[in-house]
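Each chain gets a letter, A, B and so on, in the order its sequence line appears, and its residues count up from 1.
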Amino acid sequence: MPRRVAIISTGQTKHRAKRRDVNVRELITEAVTRALEEADIRMKDIDAVVIGNMEPFEGFLFPELWAVEGWGGYLKPSVKFNTGGTVGTTTAIAAYYYVASGIYDVVLAIGFEKQSEGHTQTAITTVGDPIWERAIMAGAVGNFAVMASTYIHDSGVTEEQAAKVAVKARRNACNNEYAHLQMPDITVEDVLKSRMLAYPVKLLDMCPQSDGACAVVFAEESRAKQLAPRPAWIKAVATAHEQQYMGDSPKRLAAMRSQVAASRRAYAYAGITNPRKELDVAEIYEVASFAELAMYENLGFCERGEGGKLIDAGVTEMTGELPVNPSGGVLSTNPIGATALIRVAEAALQVMGKAGKRQIDGVRTALATGYGGNAWTDVMILSRDL
Amino acid sequence: MTKKDDETQRVQYLLDIEYHYAAGELATRFFTELKEAGRIMGMRCSGCHRVYLPPRPVCGICYKELKDWVPLSDEGIIVGCTVVHLPFIDPMTGEQRPVPYGFAIIRLDGASTSIYHFVDETDEKKLRVGQRVKAVFREPRTGSLHHDIKYFRLVGK
Ligand SMILES: [Zn+2]
């Protein structure tokens with residue numbers, strides 16, 4: 001049996017398009033310091049560190065080495081992860097494994113990215129196999145557009161329904177002091193009229209590129225009870241990977257096999273049979289407006305083809321039955337190596353009752369997801385109950 | 001080096017790295033077939049009978065070996081499509097690719113999986129999922145998926 005594990009504190013930087021006031025080490029330090037202060041612990045209380053980012057974006061090898069000062073890794077057990085978009089959830093899940101295994105009691109997970117320092121859209125094309133896929137790669141945008149077209153074809157979802165997701169995210173972000181894009185006055189019309197990037201995906205349908213870092217502290221049961229008044233207990237984790245090539249999955253977004261598999265595995269482990277009723281809030285890695293609607297279906301929040309209706313009915317708004325991304329989500333903040341860890345941190349804040357102006361009342365159970373690479377999925381379920 | 005009031009000093013540098021990637025045995029056989037005979041070949045799984053393109057040694061789903069090569073059609077259907085308007089650097093050349101261009105996920109007749117390729121259509125109203133397309137070859141062929149097949153054209157166009 002794994003040991004019981006909880007998140008006891010989180011720390012984030014102010015995320016922005018360009019954090020030119022700091023270097024990578026200083027950026028990480030900002031997030032780590034907040035996480036340690038939140039739990040009122042020191043670096044000596046941390047038994048091990050897991051850290052992750054996307055090295056090709058900044059263009060340096062061993063970023064964890066640069067970051068030694070920032071995360072206190074000197075002579076501590078540590079490991080770095082790079083799993084693409086999922087890196088933040090991979091890091092969180094690894095921290096969970098470390099503590100659940102009984103090897104370490106308190107583990108610090110860190111994710112970071114300074115996208116402003118390199119060229120993300122070019123670096124991201126290296127996801128594609130140089131012989132079979134690279135020549136056709138059009139960064140994240142073209143890729144999402146072709147997947148969105150399949151989803152639109154299957155579900156009949158409209159550009160207006162997708163635009164509602166984009167509006168929800170940027171308005172929710174106004175309640176989040178760390179969020180990058182805060183747009184209180186954004187309208188559906190603004191999204192529909194924004195610049196066409198790759199039909200049907202427009203500028204405001206896509207996530208931004210951000211600089212930022214996130215740190216989350218995981219602890220075993222007795223330490224968690226001692227250090228946090230209301231820890232966020234981890235009820236389930238699951239990861240699922242796709243096949244190698246982009247065209248291998250018949251519907252990479254519309255019916256994402258990894259997302260269906262990982263979420264069902266996690267729900268079964270956590271004893272959840274009706275996610276829409278039993279989850280109180282979800283922080284999902286949505287990347288593009290259309291993707292969030294498809295993910296409602298993949299994650300079982302509604303039936304196939306009902307994603308558009310869910311946003312129309314306001315179910316996933318702050319005041320709805322199952323609020324999705326009160327933080328503003330990836331559509332508002334996307335420092336890639338930190339993005340999925342921010343989902344975990346935000347879900348934990350909701351469970352701990354520490355989400356400030358973006359707090360949903362009475363959260364007991366929260367879902368966090370990571371998405372990346374070739375349609376890979378990570379899932380974590382957090383609960384107020386041990 | 002540049003610096004504004006609220007910024008720290010920055011340094012600009014350029015990395016220009018040339019890579020040489022090994023295609024492997026199966027891809028080499030595929031591209032030889034494509035170059036010399038103009039044929040697109042897939043591989044059939046001995047367990048689940050899925051026909052894979054690109055070829056690979058093992059089926060990721062049932063974990064059985066792939067041994068049989070099967071010829072695929074140069075025609076297929078659009079599974080997903082878009083017209084890209086965002087100016088974008090061609091990852092193979094470092095040059096900006098002219099926009100707009102048609103881009104699609106295509107499943108060739110006889111294949112279970114799909115490939116990504118260009119489509120000779122930049123009007124998004126004329127591109128839709130389910131449409132039939134046919135490969136347009138470029139001569140002379142060199143043994144490259146995105147060179148030898150110049151693009152796909154809509155059938156009936
Ligand atoms: Zn098989």
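Looking at B:Phe88, only its side chain comes within 4.5 Å of chain A, counting heavy atoms on both sides. In this structure, the portion of B:Ala104 lying under 4.5 Å from any heavy atom of chain A is its backbone and not its side chain. Heavy atoms of B:Arg56 lying under 4.5 Å from chain A belong exclusively to its side chain. Residue contact with chain A, scored on non-hydrogen atoms closer than 4.5 Å, is absent for B:Pro100. No part of B:Tyr19 comes within reach of chain A, as not one of its non-hydrogen atoms sits under 4.5 angstrom from that chain. Heavy atoms of B:Ile61 lying under 4.5 Å from chain A belong to its backbone as well as its side chain.
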* Asked: Should B:Tyr52 and A:Gln243 be marked as a side-chain hydrogen bond (donor to acceptor under 3.5 Å, both in side chains) after you check the CA-CA gap, both sets of side-chain angles, and the distance that decides it?
  -> CA-CA 11 Å; B:Tyr52 279 102; A:Gln243 286 185 276; 3.0 Å; yes
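A:Tyr199 has its side chain out of reach of B:Leu127: every pair of non-hydrogen atoms, C-beta onward, lies at least 4.5 Å apart.
Of the charged side-chain nitrogens involved, none lies within less than 4.0 Å of a carboxylate oxygen, so that A:Asp248 and B:Arg50 do not count as a salt-bridged pair.
Interatomic distance, OG of A:Ser149 versus CD1 of B:Ile78, reported as 8.5 Å (0.5 Å rounding). For the atom pair CH2 (A:Trp132) and CD1 (B:Ile115), the distance works out to 8.5 Å, reported to the nearest 0.5 Å.
Heavy-atom pairs under 4.5 Å with chain B peak, among A:Ala148, A:Gly142, A:Pro250, A:Ala254, at A:Gly142.
Counting only distance, with no hydrogens or angles, the side chain of B:Thr8 and the backbone of A:Asn23 share no donor-acceptor pair below 3.5 Å.
The ring pair (Phe, Tyr, Trp, His ring centres under 6.0 Å) test applied to B:Phe103 returns B:Tyr116, not counting sequence neighbours.
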